[in-house]
A.B. asks: 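Please see the structure below; I have some questions.
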Amino acid sequence: MLKRITFIISLVLLSAGVLNAQVLVKSFMDTDSIGIGTPVKVTIEGRLPLGIPYSIKIPDSIPHFEIIDKSELKEENEMDGKKFTQVITILSYDSGVQVIPPFEVQVKNKKYLTDKLSLLIGYMQQSETDAYRDIKAIVPAPPFKWTKELIALVVGSVLVLILILYLILRKKKQPKLEPQVPPKSPYEQAMDELRKLKQGWEREEVSARDFYGELNRIFRWYVQQTQEFSSLDKTNQEMIKFLKHSLLPKEQLELLIQTLRLSDFVKFAKYIPSKEEMEKSWFVTEISIKAYQNL
């Protein structure tokens, strides 16, 4: 009887050792450095024997980071066990080297931890391959000269203008009917304001802060006019929560959310965006309004 009990205990200990040897968990990222406000994907992956219960504990928040998306858990049954994968998308507005703590995976009654990850977060730098544009010298205009032909043309034009005014004033004045101009739709008005904003920015008449403030206002006004959502009274964070329930394509939605976050960063953190970032933000806002119009 004692030999049987000893054999059973040895078998249980041996099975536990085999289970531990077959469990492997890890986490990794698709890059080790990003710009401020740029999303990055963190993958949690593991292997364990078939039929063993497990759970992944992902915290609601990570210090210095914001979790903006969490994928569904994927499982694959293979010959040597089960493989599971889950991906979370995070971003940060804190520059420097930030640490992502280990994630906890519980297999049966035992806890396993992934490795901690380090991520370098910095400002977006201008590419060294960007071409510089030379400043051209001002070419002086030739001095103006009056000629006989030009004097005759001016005098003749003045006489014709006087004659036309005389004939007009002799006629009875009739009430002027103002043409009925149909009101513009919210889409047409938003597109017109976007074009005016771009023209002012290209002429360097608009600062980066005013550019993002007006870009944000145009998009919010369009959403309020078409989506029955009082977006002008909401913060960008509340706008993002609303947009996540929209029918916009996922890639388009991520670009739009990134533009809204960059707008807050320019407004509150006094971040100075590059010309490429401003042009991209304008383009994302334009195609987002067009996408809403086509829904």
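Side-chain atoms are counted along with the backbone in the values below, which use heavy atoms only and exclude waters and symmetry mates.
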A.B. asks: For Lys74, is the NZ atom crowded, meaning more than 12 foreign heavy atoms sit under 6.0 Å from it?
C.D. replies: no
A.B. asks: Hey, what do you get for CE (Met29) to NZ (Lys41), rounding to the nearest 0.5 Å?
C.D. replies: 13.5 Å
A.B. asks: Decide, yes or no, whether a salt bridge links Glu279 with Lys198 under the criterion of side-chain N to carboxylate O below 4.0 Å.
C.D. replies: no
A.B. asks: Set out, in order, the CA-CA distance, both residues' side-chain angles and the distance that settles side chain to side chain contact (heavy atoms under 4.5 Å, CB included) for Phe84 and Val25, then state yes or no.
C.D. replies: CA-CA 9 Å; Phe84 62 85; Val25 296; 4.1 Å; yes
A.B. asks: Indicate the ring-plane relationship of Phe219 and Tyr292, choosing parallel, tilted or perpendicular according to the 30° and 60° boundaries.
C.D. replies: tilted
A.B. asks: With a 4.5 Å limit on heavy-atom distance, are the side chains of Lys57 and Val105 in contact?
C.D. replies: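 The answer is no; the side chains never approach within 4.5 Å.
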A.B. asks: Can you tell which of Arg217, Gln293, Glu193 makes a side-chain hydrogen bond (donor to acceptor under 3.5 Å, both in side chains) with Tyr222?
C.D. replies: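 Output: one option passes, namely Gln293.
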A.B. asks: So, are Asp192 and Lys184 salt-bridged, with charged N and O less than 4.0 Å apart?
C.D. replies: yes
A.B. asks: Take atom CD in Glu75; do more than 12 heavy atoms of anything else shown fall under 6.0 Å from it?
C.D. replies: yes
A.B. asks: Under a 4.5 Å side-chain heavy-atom rule over Ile, Leu, Val, Met, Phe, Trp and Tyr, are Tyr93 and Leu256 clustered together?
C.D. replies: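 Yes, because Tyr93 and Leu256 connect within a single hydrophobic cluster, where side-chain heavy atoms sit under 4.5 Å apart.
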A.B. asks: Looking at Val42, Val40, Ile88, which hits side chain to side chain contact (heavy atoms under 4.5 Å, CB included) with Ile100?
C.D. replies: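 Among Val42, Val40, Ile88, the one that satisfies the side chain to side chain contact (heavy atoms under 4.5 Å, CB included) with Ile100 is Val42.
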A.B. asks: Assign the ring pair Trp201 / Phe211 to parallel, tilted or perpendicular, where the plane angle (0 to 90°) is split at 30° and 60°.
C.D. replies: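 Tilted.
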A.B. asks: Hey, are the side chains of Ile58 and Ile44 touching, using non-hydrogen atoms and a 4.5 Å cut-off?
C.D. replies: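 Of all side-chain heavy-atom pairs linking Ile44 with Ile58, at least one is under 4.5 Å.
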A.B. asks: Could you grab the distance from atom CD1 of Ile218 to atom CD of Gln189, nearest 0.5 Å is fine?
C.D. replies: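 Spacing of CD1 (Ile218) from CD (Gln189) equals 9.5 Å.
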A.B. asks: Test your reading of the model: is there a side-chain donor-acceptor pair from Thr114 to the backbone of Ser27, 3.5 Å cut-off?
C.D. replies: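 The answer is no, because no donor-acceptor pair under 3.5 Å joins these two groups.
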A.B. asks: Below 4.5 Å, heavy atoms only, C-beta onward: do Phe229 and Lys234 meet side chain to side chain?
C.D. replies: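 When only atoms from C-beta onward are counted, Lys234 and Phe229 do touch, with a gap below 4.5 Å.
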A.B. asks: Looking only at heavy atoms, what is the nearest atom pair of Pro102 and Leu113, with distance?
C.D. replies: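 So the minimum-distance heavy-atom pair works out to CB-CB, 4.2 Å.
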A.B. asks: Once rounded to the nearest 0.5 Å, what's the spacing between atom CG of Leu262 and atom CE of Met278?
C.D. replies: 9.5 Å
A.B. asks: Taking the side chain as every heavy atom from C-beta outward, state whether Arg47 and Lys82 have any pair of such atoms under 4.5 Å apart.
C.D. replies: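 Answer no - side chains too far apart.
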A.B. asks: Is it true that Lys26 and Glu45 have a side-chain N and a carboxylate O under 4.0 angstrom from each other?
C.D. replies: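 Yes, this pair counts.
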A.B. asks: Hey, are the side chains of Phe242 and Gln227 touching, using non-hydrogen atoms and a 4.5 Å cut-off?
C.D. replies: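 In contact.
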A.B. asks: Would you kindly confirm whether Leu24 and Phe28 end up in one hydrophobic cluster when ILVMFWY residues are joined by side chain heavy atoms under 4.5 Å apart?
C.D. replies: no
A.B. asks: State, to 0.1 Å, how close Leu253 and Ser246 come at their nearest heavy-atom pair, and which atoms those are.
C.D. replies: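 Closest pair (atom of Leu253, atom of Ser246, distance): CD1-OG, 4.4 Å.
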A.B. asks: Quick check against the 3.5 Å criterion: does Thr285 have a side-chain atom that pairs as donor or acceptor with the backbone of Ser281?
C.D. replies: yes
A.B. asks: Side chain to side chain contact (heavy atoms under 4.5 Å, CB included) for Ile240 and Leu260? Distances and angles first, verdict last.
C.D. replies: CA-CA 8 Å; Ile240 291 172; Leu260 292 174; 4.1 Å; yes
A.B. asks: Quick one: does Glu202's side chain have a donor or acceptor within less than 3.5 Å of a partner on Gln199's backbone?
C.D. replies: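 Looks like no, no N/O pair under 3.5 Å.
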A.B. asks: For Glu66, which residues count as a salt bridge (charged side-chain N to carboxylate O under 4.0 Å, His left out) partner, sequence neighbours excluded?
C.D. replies: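 For Glu66 the salt bridge (charged side-chain N to carboxylate O under 4.0 Å, His left out) partners, ignoring immediate neighbours, are Arg261.
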A.B. asks: Identify which one of Ile34, Asp32, Val97 satisfies the side chain to side chain contact (heavy atoms under 4.5 Å, CB included) criterion when paired with Leu120.
C.D. replies: Val97
A.B. asks: Evaluate the criterion side-chain hydrogen bond (donor to acceptor under 3.5 Å, both in side chains) for residue pair Glu277 and Tyr212; output intermediate values, then yes/no.
C.D. replies: CA-CA 11 Å; Glu277 287 177 304; Tyr212 276 95; 5.9 Å; no
A.B. asks: According to salt bridge (charged side-chain N to carboxylate O under 4.0 Å, His left out), who are the partners of Asp69, at least two apart in sequence or on a separate chain?
C.D. replies: Lys250
A.B. asks: Less than 4.5 Å apart, any side-chain heavy atom of Phe65 and any of Gln98?
C.D. replies: yes
A.B. asks: Does a side-chain heavy-atom distance below 4.5 Å link Val206 with Glu214?
C.D. replies: no
A.B. asks: Is Leu161 reachable from Leu153 through a run of I, L, V, M, F, W or Y residues, each pair having side-chain heavy atoms under 4.5 Å apart?
C.D. replies: no
A.B. asks: Same hydrophobic cluster for Leu50 and Tyr112, using side-chain heavy-atom links shorter than 4.5 Å among ILVMFWY?
C.D. replies: no
A.B. asks: Who clusters with Val99? Use side-chain heavy atoms, under 4.5 angstrom, across I, L, V, M, F, W and Y, and order the result by chain and number.
C.D. replies: none
A.B. asks: Measure across Gln258 and Gly37 and return the closest heavy-atom pair with its distance rounded to 0.1 Å.
C.D. replies: CG-O, 4.0 Å
A.B. asks: Other residues, nucleotides and ligands only: do more than 12 of their heavy atoms fall within 6.0 Å of CD on Glu78?
C.D. replies: yes
A.B. asks: What is the distance from atom OG1 of Thr259 to atom CZ of Phe283, rounded to the nearest 0.5 Å?
C.D. replies: 11.0 Å
A.B. asks: Could you grab the distance from atom CZ of Phe268 to atom OG of Ser263, nearest 0.5 Å is fine?
C.D. replies: 8.0 Å
A.B. asks: Would you say Pro101 and Lys116 make side-chain contact, with heavy atoms under 4.5 Å?
C.D. replies: no
A.B. asks: So Met191 and Glu286, side chain to side chain contact (heavy atoms under 4.5 Å, CB included) or not? Walk me through it.
C.D. replies: CA-CA 7 Å; Met191 289 295 104; Glu286 181 191 40; 4.2 Å; yes
A.B. asks: Are Leu165 and Val160 joined in one hydrophobic group, where the rule is that I, L, V, M, F, W and Y side chains link up if heavy atoms are under 4.5 Å apart?
C.D. replies: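 No.
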A.B. asks: Go through it in stages, so that I can follow the logic: the residues are Ile257 and Met239, the test is side chain to side chain contact (heavy atoms under 4.5 Å, CB included), and I'd like the CA-CA distance, side-chain angles, deciding distance and then a yes or no.
C.D. replies: CA-CA 9 Å; Ile257 290 175; Met239 280 290 296; over 6 Å; no
A.B. asks: For Ile272, look at atom CD1 and say whether over 12 heavy atoms of other residues, nucleotides or ligands are found less than 6.0 Å away.
C.D. replies: no
A.B. asks: Please indicate whether Glu205 has more than 12 foreign heavy atoms, meaning atoms of other residues, nucleotides or ligands, lying under 6.0 Å from its CD.
C.D. replies: yes
A.B. asks: If you take all heavy atoms of Ala190 and Ile289, which pair is closest and at what distance?
C.D. replies: CB-CD1, 4.1 Å
A.B. asks: Indicate the atoms forming the closest heavy-atom contact of Asn216 with Asn236, along with that distance.
C.D. replies: ND2-ND2, 3.0 Å
A.B. asks: Does any N or O in the side chain of Thr235 come within less than 3.5 Å of the main-chain N or O of Glu238, such that one atom is a donor and the other an acceptor?
C.D. replies: yes
A.B. asks: Please name the pair of heavy atoms, one in Trp221 and one in Leu232, separated by the smallest distance, quoted to 0.1 Å.
C.D. replies: N-CD2, 3.9 Å
